[in-house]
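Encoded as structure tokens, the structure appears first; notes follow it.
Note that this is a predicted model, so its numbers are computed, not measured. Counting starts at 1 for both ligands and their atoms, in listed order.
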Amino acid sequence: MQVATGKSVLNGIAIGKIKIYKAPKYVIDESIISDIDGEIIKLETAVKKAIARQNGLYNRALEVAEKESAEIFKAHAIMLEDEDLKDTVKEIITGQKRTAEYAVNMAFDNMAQVFEQMDDSYMQARSADILDIKQEVLDVLLGDDSDFMPESEPIILAAEDLTPSATVKLKESLLLGIITREGSMNSHTAILSRSMNLPTIIQCKEMDDSWDGKLGVIDGYNSLVYVEPNDELLASLTTKRKEDEKKIALLQELKGKENMTIDGTTIKVYANIGGPSDIGMVQANDAEGVGLFRSEFIYLNSKDYPTEDEQFAFYKLALESLSPKLVVIRTCDLGADKTAEYMDLGKEENPALGYRAIRICLTRTDFFKTQLRALLRASAYGNLAIMFPMIISVKELNEAKQLLETCREELEQEGVKVGNYQVGIMIETPAAVFCADELAEQCDFFSIGTNDLTQYMLAIDRQNAELEPWLDTHHPAVLKAIQMTIEAGHRHGIWVGICGELGADLSLTETFLRMGIDELSVNPQSVLPLRKVIREIDLTDQTER
Ligand code: PEP
Ligand code: MG
């Protein structure tokens, strides 16, 4: 038995025969040609055909994946229609007197390299899309129209890397899981395999041609691949997979159903995400919206301050993909355990009580305004709510709102369209709970961050594992603080949600409903289990909510 490691894209188990896939490698004709017009016509015809094939893949993806994941093929078709890129290819054909395939290979490779060298991991991952469409044009030019996977038995596919086009061409019913040596969590291939619910391990460096035809197991929970597993391991992972299948089947029945109790009380169930690569999970788990987009992960995944345009691209992608669903984007909550080196935040005695979140934003206003401008620009593309973290006073809220207003005015003067948006705050400190009435007068919603609220109510460092015996998440003081927040919010006509981990604690769902909570935002995998519990609760013995 061999055990290999990698990065898991989706929790799940796949068991089956491994098939090594190798992308067709073309021999590019590098000779000098004389029939330039002929090559240009070949190029035009091939691009047209490649566009048609991408549109075909879009329809195929709609059958096997979520609509949002399928959109990548529309984006590919648009890239192929790009006149500048086509002109670059034509210039190589005419200027260097080369074949259409030589020019396509060179122009697309150069463009992919430009993306590859960008600092931002999301933009880097786009180079894979460029290489994908290059392969598609070469397939047409060099005549490879073969069926991608003429398999007759289900397999685990192992490849150096897989393009989104190759992934969706796979016959889903025959595909159990994917292993790649390369690949990134942000790639569209990863997004697609999540949305196709395929256990997938990327960056599996030990992958080897000798695996071809052997029995393999993907353990997505532990980011492991087993080749020729022993009987004991195989039996235990087979049992785990069967349990998963039962759970998935049961939960799929709840898809599309309302989050409504037996007595007819409805509540919104949203998902927490760390970035656009989690969008597929929001859709796959049927969340009604995003209750917490932790925007600081964009900063943490970056080597330097993310620019306004980079951030705009992320927010726009999330809003557009999920529209008309509400997406609550929390402004940068850095500091304490989340530090980016380039921010030079310095060491502190008590980081959890230190220079963090809104405190950084209100003192480094240029940095904050970059994010606010990106958010406001993105607001034109979907249903946005902007949420400020760690607020302790009305003064702070008003300062943040004032900066937001200044940014809006600046953008409007620049002629940039700004859409509608809600403005709310996280309730994470006892100070916010006690000032909830005054704060509610100044915003559209509250979202209770029970992770920090518990830490500050109980004076227990959430990072210190040794303090866990004292960390009573059901402590009456925490529950009372939640109740007080909900009541204050409702007195002023605003909605109140919970986006901390406690929102997914199913033993408290009824308690929260009885308190009158309007929304619970939980990790995507908890959405359907939460819906199941909500639908089993009866609040009829209670006075009106
Ligand atoms: C919280 O504090 O409950 C919360 C949701 O924010 P984070 O966990 O990101 O601090
Ligand atoms: Mg918090």
Next item on the list: For atom 7 (P) of ligand 1, grab the closest protein heavy atom and report residue, atom and distance to one decimal in Å.
Entry: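 Going atom by atom, the protein heavy atom closest to atom 7 (P) of ligand 1 ends up being Arg294 NH2, 3.5 Å.
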Tell me the contacting part of [X] for ligand 1: side chain, backbone, both, or neither, using a 4.0 Å heavy-atom threshold, strictly below.
X	answer
Met426	side chain
Asn272	neither
Gln455	neither
Met390	neither

Margin query: Measuring only between side-chain heavy atoms, which start at C-beta, is Arg364 closer than 4.5 Å to Met343?
Written below: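 Yes; the side chains approach each other to less than 4.5 Å.
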Notebook entry, point to check: What's the shortest heavy-atom distance between Lys255 and Arg531, and which atoms?
Noted result: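 Smallest heavy-atom distance, with atoms named: CA-NH1, 3.9 Å.
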Margin query: Tell me the closest heavy-atom pair linking Glu308 and Ala374, and the distance in Å.
Written below: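 So the minimum-distance heavy-atom pair works out to O-CB, 3.6 Å.
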Item checked: Side chains of Gln483 and Glu487, donor plus acceptor under 3.5 Å ->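 On atom types as modelled, these side chains qualify, holding a pair under 3.5 Å.
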Item checked: Proximity flag Arg330 to ligand 1, non-hydrogen atoms under 4.0 Å ->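 Yes, Arg330 has a heavy atom closer than 4.0 Å to ligand 1.
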Next item on the list: Decide, yes or no, whether a salt bridge links Asp452 with Arg462 under the criterion of side-chain N to carboxylate O below 4.0 Å.
Entry: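 The answer is yes: the pair qualifies as a salt bridge.
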Notebook entry, point to check: Is Arg356 paired with Glu348 through a side-chain N to carboxylate O contact shorter than 4.0 Å?
Noted result: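 Arg356 and Glu348: not salt-bridged.
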Contact check: [X] vs ligand 1, nitrogen or oxygen atoms, below 3.5 angstrom:
X	answer
Leu453	no
Asp452	yes
Glu296	no
Arg356	no

Next item on the list: Would you name the N/O/S atom of Asp452 that lies closest to the Mg ion (ligand 2)?
Entry: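 Atom name returned: OD2.
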Note to self: With a cut-off of 2.8 Å, does Asp333 put an N/O/S atom close enough to the Mg ion (ligand 2)?
What the structure shows: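 Asp333 does not place any N, O or S atom closer than 2.8 Å to the Mg ion (ligand 2).
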